[in-house]
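Below is one structure, written out as structure tokens; comments come after it.
Worth knowing before you read on, the calculation uses all heavy atoms, side chains too, and leaves out hydrogens, waters and symmetry mates. By convention in this document, chain letters (A, B, ...) are assigned in the order of the sequence lines, proteins followed by strands, and residues within each chain are numbered from 1.
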Amino acid sequence: MSKETKAKSIIEPKVLKGFRDFLPSMEIPKKAISNKLETHFSSYGFVPIDTPVLEYTEVLLGKGGGETDKQIFHFNDNGGRDVALRFDLTVPFARFLAQHQQELALPFKRFHINKVWRGENPQKGRYREFTQCDFDIVGVDNAEADYEILSMMDSSFSVMGIDNYEFHIAHRGLFNAFLSHLGLLEESVEILRTVDKLRKIGEEEVLSQLQDITGDLQKAKAVLSYISKEDEQEGFLATLDRLSLLAGGETEHTNRMKTIYSYLCSAGIESHFTFDPSITRGLDYYTGIVYETFLTEIPHFGSVCSGGRYNDLASLYTKQQLPGVGSSIGLDRLLAALEELKSPIVSSASSSDVAIFNSDASLFATYDKVAREMRQQGLRVDVYLQNKKQTAQYKWAEMNAIPFAVLFTEDDLQSDTLTLKNLINRETYSSISIKEAIAYIKKDIH
RNA sequence: GUGGAAGUAGUUCAAUGGUAGAGCACCAGAUUGUGGAUCUGGCUGUUGCGGGUUCGAGCCCCGUCUUCCACCCCA
């Protein structure tokens with residue numbers, strides 16, 4: 001083949017807008033985080049499930065359609081079926097519940113970590129293909145279930161090694177009670193949408209938009225006062241009381257929130273939660289508590305974990321009552337955020353714990369023997385497979401963020417010892433046994 | 001989907017419409033000898049892609065793709 005024709009036959013390697021490849025430096029931390037979460041969810045008795053990425057469009061869109069219509073990837077398959085890529089993991093879950101309710105014991109607690117697709121315009125931390133990490137409790141409508149989801153959200157962030165985060169909580173039912181009290185229930189969808197922008201466009205703009213919607217300055221002011229805290233220091237219960245008053249008195253929703261808060265206090269995690277009445281959530285299937293999660297240093301990144309209670313979602317597919325509450329971590333957005341924060345979770349992604357350097361190809365059996373013993377002890381060990389010069393091997397280890405290297409001096413070979421090098425601080429441990437080396441490494445990486 | 005900005009070597013950035021360059025990185029060798037030093041030499045681009053204007057386009061015009069930003073919405 002001539003050079004020219006060869007050049008012409010090459011297809012340009014490219015991926016679609018909003019879709020991405022994951023290099024090891026991102027896939028390693030992503031896998032590490034999702035593994036940690038899976039273990040963590042299991043410790044609460046949650047079980048894994050999976051559903052098809054492709055569903056009938058009518059199943060995913062339900063009756064409503066609306067905004068999701070524009071964002072969903074849908075097409076006709078080769079058999080002419082109207083199909084769509086799942087847009088989130090919650091709607092397919094509702095379908096799954098309706099279809100398998102006989103085979104499931106309620107309450108049912110599941111987690112589901114997988115990709116979803118939305119045809120939105122991408123931005124930083126916002127993609128057309130991204131991984132969601134959902135966890136839900138179905139079959140219980142009480143404060144205990146709501147609390148357990150919040151509690152697990154909180155501990156999940158600890159497990160992921162993230163410190164600075166805050167959960168913003170509100171209640172759809174309470175807000176609707178308030179709107180109903182004002183006689184604004186009809187406009188609730190528009191109002192919710194406007195209210196949601198408070199953080200972004202400020203009070204003045206929100207007020208003016210509310211006035212446009214309600215046609216009544218007094219009512220607009222009432223809504224604004226509902227969603228604005230009197231001051232930053234206003235506590236969870238103070239906010240709750242104020243809102244209850246505005247909504248025309250205590251309701252079951254108020255009591256539910258009080259109970260949930262008391263559990264958060266008992267667990268000693270209440271400081272991570274604030275009552276933020278401006279949180280409403282765009283998805284209209286929420287009926288009770290709703291929440292979003294912000295990383296303290298970069299709130300503009302948007303929510304990295306959101307959800308709420310949806311008591312009627314399964315009613316699209318079954319007549320049985322299946323109340324649910326759940327939450328979803330946006331793994332890709334979270335990862336993008338951690339990268340922005342230069343978190344060690346992302347920057348320290350290493351392919352293995354220790355590299356065994358190759359200074360003499362004929363010693364491969366020795367290298368392999370040490371590697372096998374170290375692997376037996378749970379270490380990730382990478383033997384350098386060719387005898388290249390030291391610099392090359394050091395560079396390679398550095399590229400892969402491997403923290404330790406094992407080398408063998410003449411003395412080591414005589415006395416059955418080895419030389420361990422910490423590649424980060426460059427400390428050298430000479431003439432030590434394999435056992436000692438393993439101990440050093442384990443101590444450092446844990 | 002709508003509007004705006006950007007796209008030059010692996011990377012960070014240059015280049016009045018007139019032969020596309022520099023630092024870092026990378027590769028080879030020397031020196032050193034269980035790494036970040038030093039020296040010598042070397043490679044690198046169809047200027048995102050496709051058209052157009054022009055004697056001549058990285059630069060101007062049109063289209064397109066991607067990224068980023070805003071709207072919308074959301075993880």
Side-chain angles (χ1 to χ4, degrees), chain A residues 3-4 7-8 10-21 66-72 86-90 113-134 153 189-190 192-194 196-197 200-201 205 279-284 286 290-295 300-308 326-337 340 355-360 384 387-399 402 405-413 418-431:
Chain A
K3 210 173 179 181
E4 203 178 352
K8 273 182 185 163
I10 286 174
I11 298 161
E12 187 190 348
K14 58 182 178 183
V15 296
L16 288 162
K17 165 157 72 165
F19 288 70
R20 300 170 302 154
D21 284 327
E67 269 309 314
T68 46
D69 262 7
K70 298 181 207 156
Q71 299 191 352
I72 204 157
R86 64 180 172 216
F87 158 101
D88 66 9
L89 298 176
T90 309
I113 304 177
N114 226 316
K115 284 182 173 175
V116 303
W117 294 266
R118 294 182 193 177
E120 286 182 288
N121 263 353
Q123 278 176 40
K124 193 180 266 312
R126 180 175 189 162
Y127 314 100
R128 289 189 162 183
E129 177 182 65
F130 58 98
T131 300
Q132 283 200 325
C133 175
D134 271 40
M153 276 163 64
V189 172
E190 286 170 86
L192 286 169
R193 220 165 258 170
T194 307
D196 206 36
K197 294 186 227 167
K200 223 164 195 176
I201 63 178
E205 187 57 31
I279 295 291
T280 60
R281 313 286 302 129
L283 296 171
D284 45 12
Y286 292 114
V290 289
Y291 29 80
E292 297 189 354
T293 311
F294 299 94
L295 299 179
H300 60 274
F301 236 84
S303 174
V304 293
C305 173
S306 320
S327 193
S328 178
I329 299 175
L331 222 48
D332 292 291
R333 176 174 292 182
L334 185 64
L335 229 46
E340 174 121 337
I356 298 187
F357 280 4
N358 190 328
S359 54
D360 183 345
Y384 199 82
N387 176 20
K388 276 205 176 175
K389 50 185 199 179
Q390 298 273 319
T391 17
Q393 301 196 38
Y394 278 113
K395 280 232 167 85
W396 162 81
E398 206 164 65
M399 288 276 285
I402 302 172
V406 166
L407 310 107
F408 297 90
T409 62
E410 287 300 320
D411 288 346
D412 284 329
L413 293 170
L418 54 80
T419 299
L420 181 71
K421 241 184 134 145
N422 181 323
L423 298 179
I424 293 153
N425 63 20
R426 308 215 167 187
E427 266 182 72
T428 305
Y429 307 93
S430 304
S431 307

Do the side chain of [X] and the main chain of [Y] share a donor and acceptor less than 3.5 angstrom apart?
{"X": "A:Ser303", "Y": "A:Thr293", "value": "yes"}
{"X": "A:Arg128", "Y": "A:Phe19", "value": "no"}
{"X": "A:Thr280", "Y": "A:Leu192", "value": "yes"}

Is [N] paired to anything, Watson-Crick or G-U wobble with both distances less than 3.5 Å, and if yes, which nucleotide?
{"N": "B:rA9", "value": "none"}
{"N": "B:rU54", "value": "none"}
{"N": "B:rG3", "value": "B:rC69"}
{"N": "B:rA28", "value": "B:rU40"}
{"N": "B:rG33", "value": "none"}
{"N": "B:rU64", "value": "B:rG48"}
{"N": "B:rU16", "value": "none"}

If I pick the [atom1] atom on [M] and the same atom on [N], what distance separates them, to the nearest angstrom?
{"N": "B:rA57", "M": "B:rC62", "atom1": "C1'", "result": "14 Å"}
{"N": "B:rG33", "M": "B:rC49", "atom1": "P", "result": "49 Å"}
{"N": "B:rA20", "M": "B:rU44", "atom1": "C1'", "result": "13 Å"}
{"N": "B:rU67", "M": "B:rA30", "atom1": "C1'", "result": "44 Å"}
{"N": "B:rC55", "M": "B:rG23", "atom1": "C1'", "result": "36 Å"}
{"N": "B:rC43", "M": "B:rG48", "atom1": "P", "result": "23 Å"}
{"N": "B:rC74", "M": "B:rC61", "atom1": "C1'", "result": "38 Å"}
{"N": "B:rG51", "M": "B:rC59", "atom1": "P", "result": "14 Å"}

Please report the distance, rounded to the nearest Å, between [atom1] in [X] and [atom2] in [N].
{"X": "A:Gln393", "N": "B:rG33", "atom1": "CD", "atom2": "C1'", "answer": "14 Å"}
{"X": "A:Phe19", "N": "B:rU66", "atom1": "CZ", "atom2": "C1'", "answer": "14 Å"}
{"X": "A:His300", "N": "B:rC73", "atom1": "NE2", "atom2": "C1'", "answer": "18 Å"}
{"X": "A:Met153", "N": "B:rA75", "atom1": "CE", "atom2": "P", "answer": "12 Å"}
{"X": "A:Asp332", "N": "B:rC74", "atom1": "CG", "atom2": "P", "answer": "19 Å"}
{"X": "A:Tyr127", "N": "B:rU67", "atom1": "OH", "atom2": "C1'", "answer": "11 Å"}
{"X": "A:Glu190", "N": "B:rC73", "atom1": "CD", "atom2": "C1'", "answer": "15 Å"}
{"X": "A:Glu120", "N": "B:rA75", "atom1": "CD", "atom2": "P", "answer": "9 Å"}

When you match A:Arg20 and A:Gly330 each to their closest nucleotide on RNA chain B, which lands nearer the 5' end?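 It is A:Arg20, whose closest nucleotide lies nearer the 5' terminus.
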
A:Tyr394 or A:Ile201: which one's nearest nucleotide on RNA chain B is closer to the 5' end?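 Its nearest nucleotide being more 5', the pick is A:Tyr394.
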
Does the side chain of [X] get closer than 4.0 angstrom to OP1 or OP2 of [N] through an N or O atom?
{"X": "A:Lys17", "N": "B:rU67", "result": "no"}
{"X": "A:Arg126", "N": "B:rC73", "result": "no"}
{"X": "A:Lys395", "N": "B:rA25", "result": "no"}
{"X": "A:Gln123", "N": "B:rA70", "result": "yes"}
{"X": "A:Lys197", "N": "B:rC72", "result": "yes"}

May I ask you to say what [X] touches in the nucleic acid, namely base, sugar-phosphate or nothing, with a heavy-atom cut-off under 4.0 Å?
{"X": "A:Lys115", "result": "nothing"}
{"X": "A:Cys133", "result": "nothing"}
{"X": "A:Phe357", "result": "nothing"}
{"X": "A:Gly18", "result": "sugar-phosphate"}
{"X": "A:Asn121", "result": "base"}
{"X": "A:Gly125", "result": "base"}
{"X": "A:Leu423", "result": "base"}

Before giving the answer on salt bridge (Lys or Arg N to Asp or Glu O under 4.0 Å), spell out for A:Arg20 and A:Glu129 the whole-Å C-alpha distance, their side-chain angles and the decisive distance to 0.1 Å. CA-CA 8 Å; A:Arg20 300 170 302 154; A:Glu129 177 182 65; over 6 Å; no

Is any side-chain N of the basic residue among A:Arg126 and A:Glu120 closer than 4.0 Å to the acidic one's carboxylate O? yes

Nearest to the side chain of A:Lys124, which nucleotide is it out of B:rG35, B:rA75, B:rC68?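 Nucleotide nearest to A:Lys124's side chain: B:rC68.
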
Give the nucleotide from the list B:rC73, B:rA75, B:rC68 with an atom nearest to the side chain of A:Gln71. B:rC73

Sub-6.0 Å ring centroid separation between A:Phe357 and A:Tyr394: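 Between A:Tyr394 and A:Phe357, which both carry aromatic rings, the centre distance is below 6.0 Å.
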
Report yes if a donor N or O on one partner sits less than 3.5 Å from an acceptor N or O on the other, where the partners are the side chain of A:Arg193 and the base of B:rC73; otherwise report no.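 In this structure, the two groups form no donor-acceptor pair.
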
Distance-only polar pair, side chains of A:Ser327 and A:Asp134, donor-acceptor under 3.5 Å: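 No - no donor-acceptor pair under 3.5 Å links their side chains.
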
Can you confirm if the NZ or CZ of A:Arg118 lies within 45° of the ring axis of A:Phe87 and under 6.0 Å from the centre of its six-membered ring?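 Cation-pi check for A:Arg118 and A:Phe87: passes.
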
